[in-house]
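Note that the structure is predicted; figures quoted are calculated from it, not measured. In what follows, every chain begins at residue 1, and chains take the letters A, B, ... in the order their sequences are listed.
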Amino acid sequence: MSARRRVFPSSRPCTAATGCCTTDRASALAAARNDVSNDVNKALQRAFEELADGLDLLGESSFRSASHRRVARAIGDLTAPIDQLGDDPAQLRARLEAIPGIGEGATRRILEFVEHGEIADHVEILERVPGGLFQLLQVPGLGPKAVRTLWQELGVQGVDDLRRELDSGRVESLPRMGRKTVQNLRSALEFLTRTRDRLPVALAMPLALDLRDGLRSVEPEARVEIAGSLRRGVETIGDLDLVAAHHDPAARRRLAEAFVNDGRVTDVLASGERKCSVRLSAGGHAIQADLRLGEPAAFGAALHYFTGSKEHNVLMRQIAIGFGRRLNEYGLFEGDEPRPQDHGGTPLAGAEEAELYDALGLPFIPAELREEAFDPARVGLEALRDLLARLIDEDQIVADLHTHSTASDGRHSLEELVAIARRRGLAVLAVTDHSRSSVLAGGLEIDALREHVAAIRELAAGLDDLVLLAGAEVDILPDGSLDYPDEVLAELDVVVASPHVSLSQDRATATRRLLAAIRNPHVHILGHPTGRIVGRRRGLQPDIDALCAAASEHGTALELNANPRRLDLDDAALRRAVEVGCLVAIDTDAHSDAQFGYLSYGVRTARRAGLPADSCVNTWEPERLRDWLADKSVGARGR
DNA sequence: GCCGTTTTCGGCCCGACTGTTTTCAGTCG
Ligand SMILES: Nc1nc2c(ncn2[C@H]2C[C@H](O)[C@@H](COP(=O)(O)OP(=O)(O)OP(=O)(O)O)O2)c(=O)[nH]1
Ligand SMILES: [Mg+2]
Ligand SMILES: [Mg+2]
Ligand SMILES: [Zn+2]
């Protein structure tokens, strides 16, 4: 995945690079330990990225910079502040070195950062390389070689300098730079002013589905699929990736034509026989889209390549090499000859993805798990097979335990909800309207709640094909107390407890607040635990391990709110939950019929965490679910 | 810089497209 960052307006957080924050970094670090923003990891990740970029700009070994970049990624994947990985320096050192990609050097640098708030090598890079060059590397089309030339030859130190030099005409005189390069750089700079960071999946997916369906209607015989981070179920999307296959080259050309001539296209970046790249502007968002074209006989290989992740691709290709074979987007081939597809080589596999895994002696790894964290060599082949056998699937989900009706802010009446649940094949539906503190969402006072519950129960009594449960989504107030007293909660079939306000609390306060809800014997599900909105609001940053431990102890389920704007808990936090083995509830939080369709986003996120179906209460038979709802301690670990 | 049931040294994935190039470097996926 590209690590595209926002370039305009300049919003880089305070780091050594920006030089805007000269206060004692060690004390800033101490504050960050209890900071909601988990800035220790962010700052370290940035330091390693700049180390990598700096080496590239200085023309050093690209393998070394790639290593630094891998360390940066590993730090970004952590779910807790890095200095809290161990209780003492020795343990911290051991835990760090155990992380793949983090070796002796990175461990030394991380410990140096934790102790002194900076890394000498990083500081040295910052002294040698102007800080604005890191931003320049984010400009599409500008790599380390070009940035270095601009810097050395024209003294360009940042984006503003580049803009000026483009107008001055001097860029054209540089080696390997001409008129078109200048024009392309102008477009790229303009694109960056219109683009935000990575696009939340909730915005990207509808756009990608529309592109996919458009291509399908151009060539109904073609196989067209969404690939890339969208297919892997990532919560934010760098660009839209599509794969299309058709046996007829003329049909492939027509697909490419349609793609680059779409009304939303602002720039055509590349338009070849096998791939096209465009920039789109749609719904106020600017984003790149890539289309990969090929033969149906190689569709599996192409889809696999374009689905990624990059790390997974490299891994598979390395495994192929180990077998004396070669894997690329055209298939798996015998031997180590480059471009075997051009030399009449017949692929051993390639029409379907599954063939590739078969031929390499691997179990089929679904797209959501094609990430570094699930590297078979890391997880172990046996453990991986076990994980895959237990992995949750959307069709195993038979219950939705968090939905809203017109009693609060939902769009549908109870009767309508029942009809929707039946049509969608649910066995269990819980109606969980808001509690009294959520005034804007039409939260119910206690009397209104009791009437509502009575209405639900009356309706439920007449149903034989659907278990209709009376519940509530009760606010977790800032101090951890709940918005209804215990005796009211005890009257409900299902209690989802969720934070809705005070979502900027510090880590310790947030953790205490959520722990209180988890420990309440009436609370079944901790709803959207952090309250984050993807790409918009960070929400609470609690100690996830502490939540998981408590949830596990009390039999409380942690929610994976399937609304793609939320996806809360996120994949990284859920991986912790899966490790601990606590219960998880995947609920849509639907306020309308269409929002029941959010389930697929939730399941993809759950699969990214390797969630076993059995840990997900929504897969349980109604009888088992009822037992747990009656006394959640039956779900406690060790019982 | 990192890593190892083919290695503790010597590798590190593989290919498309563009622009500027007389034969390919750079960037990107
Ligand atoms: N073998 C190989 N495949 C790559 C490489 N870079 C990208 N790919 C493949 C895997 C990616 O998932 C796929 C699409 O590339 P993208 O840059 O769009 O990445 P992705 O969609 O994973 O993340 P994104 O959200 O777009 O940042 O192309 C690479 O360097 N080598
Ligand atoms: Mg992508
Ligand atoms: Mg892409
Ligand atoms: Zn809510």
Between [X] ([atom1]) and [N] ([atom2]), how many Å, whole number?
{"X": "I75(A)", "N": "dC2(B)", "atom1": "CD1", "atom2": "P", "value": "11 Å"}
{"X": "D267(A)", "N": "dC28(B)", "atom1": "CG", "atom2": "P", "value": "15 Å"}
{"X": "N184(A)", "N": "dT20(B)", "atom1": "CG", "atom2": "C1'", "value": "13 Å"}
{"X": "E372(A)", "N": "dC2(B)", "atom1": "CD", "atom2": "P", "value": "14 Å"}
{"X": "D375(A)", "N": "dG4(B)", "atom1": "CG", "atom2": "C1'", "value": "13 Å"}
{"X": "L150(A)", "N": "dG26(B)", "atom1": "CG", "atom2": "P", "value": "13 Å"}
{"X": "K180(A)", "N": "dT20(B)", "atom1": "NZ", "atom2": "P", "value": "8 Å"}
{"X": "L55(A)", "N": "dG1(B)", "atom1": "CG", "atom2": "P", "value": "8 Å"}

note = When both distances are under 3.5 Å in a Watson-Crick or G-U wobble arrangement, the nucleotide paired with dT27(B) is dA16(B)
Quote, to the nearest angstrom, the [atom1] distance that separates [N] from [M].
{"N": "dT6(B)", "M": "dG1(B)", "atom1": "P", "answer": "27 Å"}
{"N": "dC12(B)", "M": "dT22(B)", "atom1": "P", "answer": "31 Å"}
{"N": "dA16(B)", "M": "dG11(B)", "atom1": "C1'", "answer": "25 Å"}
{"N": "dC14(B)", "M": "dT21(B)", "atom1": "P", "answer": "31 Å"}
{"N": "dT18(B)", "M": "dC13(B)", "atom1": "P", "answer": "25 Å"}
{"N": "dT20(B)", "M": "dG26(B)", "atom1": "C1'", "answer": "11 Å"}
{"N": "dC17(B)", "M": "dT8(B)", "atom1": "C1'", "answer": "40 Å"}

Cut-off 3.5 Å, side chains only: do [X] and [Y] have a donor facing an acceptor?
{"X": "E60(A)", "Y": "S65(A)", "result": "no"}
{"X": "D290(A)", "Y": "S277(A)", "result": "yes"}
{"X": "N261(A)", "Y": "E257(A)", "result": "yes"}
{"X": "E165(A)", "Y": "S168(A)", "result": "yes"}

note = Heavy atoms of F333(A) and L348(A) approach each other most closely as C-CD1, 4.1 Å
inquiry  = Using every non-hydrogen atom in the two residues, find where E49(A) and A72(A) come nearest and quote the distance to one decimal.
reply    =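 That closest heavy-atom pairing would be CG-CB, 3.8 Å.
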request  = Carefully, step by step, assess R378(A) and D375(A) under the rule salt bridge (charged side-chain N to carboxylate O under 4.0 Å, His left out).
outcome  = CA-CA 5 Å; R378(A) 196 191 289 200; D375(A) 175 347; 5.2 Å; no
key: Any residue of residues 255-266 of chain A with a heavy atom less than 4.0 Å from an atom of DNA chain B   = none
remark   = Under a 4.0 Å heavy-atom criterion, the protein footprint on nucleotides 6-17 of chain B, written with B, S and -, is ------BBBSSS
ask   = Per the side-chain contact (heavy atoms from CB on, under 4.5 Å) rule, which among R370(A), H304(A), E311(A) passes with M316(A)?
value =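 Among R370(A), H304(A), E311(A), the one meeting side-chain contact (heavy atoms from CB on, under 4.5 Å) with M316(A) is H304(A).
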key: Option from R231(A), R575(A), R232(A), R607(A) for which salt bridge (charged side-chain N to carboxylate O under 4.0 Å, His left out) with E368(A) holds   = R607(A)
query = When all nucleic acid strands are considered with a 4.0 Å heavy-atom cut-off, which category describes M177(A): base, sugar-phosphate, or nothing?
reply = sugar-phosphate
inquiry  = Can you confirm whether D77(A) sits close enough to E371(A) that some side-chain heavy atom of one is under 4.5 Å from a side-chain heavy atom of the other?
reply    =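 D77(A) does not reach E371(A) side chain to side chain.
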